[in-house]
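Throughout, protein chains are lettered first and strands after them, A, B, ... in sequence-line order, and every chain is numbered starting at 1.
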Protein chains: 2
Amino acid sequence: MTPERVFQALGDATRRDMMERLTDTALSVSALAAPYDMTLTAVGQHLAILEAAGLIKTEKIGRVRSCAINPAGLEVLEQWTRARRPLWQRRLDNLGDMLDET
Amino acid sequence: MTPERVFQALGDATRRDMMERLTDTALSVSALAAPYDMTLTAVGQHLAILEAAGLIKTEKIGRVRSCAINPAGLEVLEQWTRARRPLWQRRLDNLGDMLDET
DNA sequence: TCAATAATCAAGTTTTAACTTCACTATTAA
DNA sequence: TTAATAGTGAAGTTAAAACTTGATTATTGA
């Protein structure tokens, strides 16, 4: 649940797509895997990364593992952004400071 | 300036640190490179990635390239988050839907 | 004018991430 | 009670990212 993990997790197109597909329903590992041209094992590895980043939570019931969005990961992202936006925005406001102490 | 590039750029600790150091002042490539145990070339490569992601803007004056925050990249991040937060948050609100059509 | 400074380029190497194979366990349905 | 389903684990391969080396260019200060 560190920004490092969240950014890295979302830096991959497959994992971002998985997140989109979980937006309105929980899905099993197999269901998640279906559209991708890769092995179940690979999908499982992607899911482990998403879970470690706090972007999904999973629960195994019987032989099926159900995967669902975990808002905690998104929260980390928002915190990170919120902390920097005011400081970074002001750079745009008062221009002409490109040549400070370089 | 695509989310792909922004996430990938911020997934690296060195690059995130560079962004922090640019928060309150523009810096030259050499100044940025100073604290890191890596070659100037490597630093230049990191900067190219940050610039392609829209996280910094650079300008070369004489032989010095000045690097500064570009809020555009952060903006992309916020847009991405803002679009998903309402949809992802509601999952937490009405629990017990882990076992939908799996 | 010429030596030091600032940065860049092309072409490598190293390290990490993504993915595969194959064997295996547990669960469920016939 | 066994065959199919759902997923996992260990170990390897492939592909991509991070980094280096050894030039080279352009600028500037002495």
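The separation between A:L47 atom CG and D:dA6 atom P is 15 Å, rounded to whole Å. For A:D37 and C:dC19, the CG to C1' distance is 11 Å, given to the nearest whole Å. Between the C1' atom of D:dT8 and the CD atom of A:Q45 lies a distance of 10 Å, rounded to the nearest Å. Atom CG of A:L10 and atom C1' of C:dA18 are 16 Å apart (whole Å). Rounded to an integer number of Å, the gap from CD1 of B:I61 to C1' of C:dT5 is 17 Å. At whole-Å resolution of the value, CG in A:L40 and P in D:dG9 are 13 Å apart. The separation between B:D12 atom CG and C:dT15 atom P is 16 Å, rounded to whole Å. Note: CG (A:L27) to P (D:dA6) measures 14 Å, nearest angstrom.
Nearest to the side-chain atoms of A:K60 among the listed nucleotides D:dT20, D:dT8, C:dA18 stands D:dT8. Side chain of A:R15, nearest nucleotide from C:dC19, C:dT8, C:dA18: C:dA18. Considering only the side chain of B:V64, C:dA6 comes nearest among C:dA6, C:dC19, D:dA18. When distances are taken from the side chain of A:M38 to each of C:dC19, D:dT8, D:dA18, the shortest belongs to C:dC19. The side chain of B:H46 approaches D:dA18 more closely than any other nucleotide in the set D:dG9, D:dA18, C:dA18.
At a threshold of 4.0 angstrom between heavy atoms, the contacts of A:G44 with the nucleic acid are absent.
When all heavy atoms are compared, the tightest approach of A:V29 to A:C67 is CG2-SG, 4.3 Å.
Looking only at atom types and distance, the side chain of A:Q8 has no donor-acceptor partner in the side chain of A:R5 under 3.5 Å away.
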Could you go step by step and tell me if B:T58 and B:E51 meet the side chain to side chain donor-acceptor pair (under 3.5 Å) rule? CA-CA 8 Å; B:T58 77; B:E51 187 157 31; 3.2 Å; yes

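For B:R84 and B:W80, the positive end sits near the middle of the six-membered ring, less than 6.0 Å away and at most 45° from its axis.
B:T39 has a side-chain polar atom (N or O) that falls below the 4.0 Å cut-off from OP1 or OP2 of D:dT20.
Remark: A:R85 engages B:E78 in a salt bridge, criterion side-chain N to carboxylate O under 4.0 Å.
If A:G11 and A:T41 are placed on DNA chain C by their nearest nucleotide, the residue sitting closer to the 5' end is A:G11. Comparing A:R63 and A:Q8 against DNA chain C, the residue whose closest nucleotide sits nearer the 5' end is A:Q8.
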